[in-house]
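Notes follow the structure.
Each chain gets a letter, A, B and so on, in the order the sequences are listed, and its residues count up from 1.
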Number of protein chains: 2
Amino acid sequence: MLSCNPGPLFQKVMPISPSSEICRDSMISEDAICSLARLIGDPDKARARARKLASLMDQIESEDCEGEVEVFKAAADPCRFRILKLLKEGELCVCEIMAALKKPQSSTSHHLSILREAGLVKERKDGKWSYYRLADGAVIEMVKHARAVKKK
Amino acid sequence: MLSCNPGPLFQKVMPISPSSEICRDSMISEDAICSLARLIGDPDKARARARKLASLMDQIESEDCEGEVEVFKAAADPCRFRILKLLKEGELCVCEIMAALKKPQSSTSHHLSILREAGLVKERKDGKWSYYRLADGAVIEMVKHARAVKKK
DNA sequence: ATTATATATCGGCAAATATTGATATGATCT
DNA sequence: AGATCATATCAATATTTGCCGATATATAAT
């Protein structure tokens, strides 16, 4: 996989080796260390970079990101994104959303359940009707920034 | 599909019918009109609601949302989301990202290309190395709001 | 009670996406 | 030039996701 095996480059930055304290403390892999070998000629920089990478890796392993990913997944579909835009104007019942999207009832309901479980929309039952609305102002902000990203 | 066909409920809100000016002007479907029948006993409210829905539908048909959806799709994957978090701390080369994610080179490169094409990250070439960084502050803001959504 | 209505859920198929080894490209070093 | 290295792209497979008809559930009207 990694073509970056211990070789000439690696030898030159020996101060950072698999046996160094950076490796022991943070479980940083030999491959990772190895990739730092590109900083030839400056072992100090390489060491600093290894430390940084090590701390990033620790952070990544500890934090879970399933929640955020679920939110993005929910918004990452044309139908569901349109639903979010519809709901910006206020709450609507499934019937109306279905009509606006021109999708069958089962599809509409399914998309709504994904949005609901991800926390993007909230449901309010009233008799046999279900009304959906945006869960939070954060949803609108998120969409706004997504648009800003794409603008460039 | 729609069980909401012209029936007793529909008859009661006849003022809003497929032949009304709302229908003609905005291509609002009979199904949509029909779904408004739930506002029985208040044709004025129903008419207002039909107009609102009609304008929402027009808006939805005209605006394209592919850009935003592409941004969300790019962020909606655990690997790619981790990459975004990694890059919050500054630019990294593919080699380091690959090491931090513990994914093969081809996967890492592929994910980076998706992030790049969606506009979330930028690339800088330096010799044989490619350095990636977040494209914009808007990316961080977007992630922040996604987290806020999930917090509840 | 029976029927009609609004929504949710199931199930199977089709389309999209992720994964990864193999190969290609392009840069650097010897 | 030839070898090595970092990254990108290709191609085949595996997994996930969307779609929609059929069915289930629950509420309200008759």
Side-chain angles (χ1 to χ4, degrees), chain A residues 1-12 31 34-41 69-70 72-83 92-99 101-118 123-132, chain B residues 1-12 31 34-41 69-70 72-74 76-81 83 92-99 101-118 123-132:
Chain A
M1 53 170 271
L2 280 172
S3 62
C4 192
N5 287 320
L9 287 178
F10 181 59
Q11 307 307 328
K12 291 190 186 167
D31 287 339
C34 191
S35 76
L36 296 165
R38 65 192 171 61
L39 292 164
I40 311 163
V69 168
E70 192 189 352
F72 285 128
K73 269 192 177 140
D77 174 273
C79 278
R80 293 195 291 268
F81 185 75
R82 279 194 205 102
I83 292 176
L92 293 172
C93 73
V94 179
C95 211
E96 292 171 306
I97 297 169
M98 170 180 37
L101 292 179
K102 296 182 176 120
K103 287 275 176 187
Q105 185 269 324
S106 62
S107 301
T108 307
S109 182
H110 180 236
H111 284 307
L112 283 167
S113 77
I114 289 173
L115 288 170
R116 174 163 33 84
E117 277 173 36
E123 189 191 17
R124 177 176 70 85
K125 294 245 188 198
D126 180 12
K128 54 183 167 179
W129 288 278
S130 290
Y131 291 89
Y132 282 88
Chain B
M1 53 171 267
L2 280 172
S3 64
C4 191
N5 288 320
L9 286 179
F10 181 58
Q11 306 310 324
K12 291 190 186 167
D31 286 340
C34 191
S35 75
L36 297 166
R38 63 192 171 62
L39 291 164
I40 311 162
V69 167
E70 191 189 351
F72 285 129
K73 269 193 177 139
D77 173 276
C79 277
R80 294 197 289 268
F81 185 75
I83 292 175
L92 294 172
C93 73
V94 179
C95 211
E96 291 171 307
I97 296 169
M98 169 180 40
L101 291 180
K102 296 184 177 118
K103 288 275 177 184
Q105 186 269 325
S106 62
S107 302
T108 307
S109 183
H110 179 236
H111 283 307
L112 283 168
S113 77
I114 289 174
L115 288 170
R116 174 163 32 84
E117 278 173 37
E123 188 190 18
R124 177 176 69 86
K125 295 245 186 198
D126 181 11
K128 55 184 167 179
W129 288 278
S130 289
Y131 292 89
Y132 282 87

If you take all heavy atoms of [X] and [Y], which pair is closest and at what distance?
X        : Y       : result
A:Lys103 : A:Cys79 : CE-SG, 3.4 Å
B:Ile97  : B:Ile83 : CG2-CG1, 3.9 Å
A:Leu115 : A:Ala74 : CD2-O, 3.8 Å

Between [atom2] on [N] and [atom1] on [X], what's the gap in Å once rounded to a whole number?
X        : N      : atom1 : atom2 : result
A:Glu70  : D:dT16 : CD    : P     : 15 Å
A:Leu92  : C:dA6  : CG    : P     : 15 Å
A:Arg124 : D:dT27 : CZ    : P     : 16 Å
A:Tyr131 : C:dT7  : OH    : C1'   : 13 Å
B:Phe72  : C:dT17 : CZ    : P     : 16 Å
B:Lys125 : C:dT28 : NZ    : C1'   : 14 Å
B:Asp126 : D:dC5  : CG    : C1'   : 14 Å
B:Lys102 : C:dT20 : NZ    : P     : 14 Å

Considering only side-chain heavy atoms of B:Lys128, which listed nucleotide, D:dT17, C:dT19, C:dT28, is closest? C:dT28
Heavy atoms from C-beta onward define the side chain here; which of C:dA27, C:dT7, C:dA18 lies closest to that of A:Trp129? C:dT7
In Å, rounded to the nearest 0.5 Å, how long is the span from SG of A:Cys95 to CD of A:Gln105?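 A:Cys95 atom SG to A:Gln105 atom CD measures 9.0 Å (nearest 0.5 Å).
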Counting distance only, does the side-chain N/O of A:Ser113 pair as donor-acceptor with the main-chain N or O of A:His110 below 3.5 Å?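 Yes, A:Ser113 side chain to A:His110 backbone: donor-acceptor pair under 3.5 Å.
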Of all residues at least two apart in sequence or in a different chain, which pass the side-chain contact (heavy atoms from CB on, under 4.5 Å) check with B:Ser130? B:Val94, B:Glu123, B:Lys125, B:Tyr132
Of A:Gly127 and A:Ala76, whose nearest nucleotide on DNA chain D comes first from the 5' end?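 On the 5' side of the pair lies A:Ala76.
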If you compare every side-chain N and O of A:Tyr132 against the phosphate oxygens of C:dA8 (OP1, OP2), does one of them come in below 4.0 Å? yes
Counting only side-chain N and O atoms of A:Lys103, is one of them less than 4.0 Å from OP1 or OP2 of D:dC19?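 Answer yes for this pair, as a side-chain N or O of A:Lys103 is under 4.0 Å from OP1 or OP2.
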With sequence neighbours excluded, tell me which residues meet side-chain hydrogen bond (donor to acceptor under 3.5 Å, both in side chains) with A:Arg82.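 Here no residue qualifies.
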Per the atom types in the model, does the base of C:dA8 pair as donor or acceptor with the side chain of A:Gln105 at under 3.5 Å? yes
Nucleic acid contacts - residues 106-117 of chain B versus DNA chain C, non-hydrogen atoms under 4.0 Å: B:Ser106, B:Ser107, B:His110, B:His111, B:Ile114
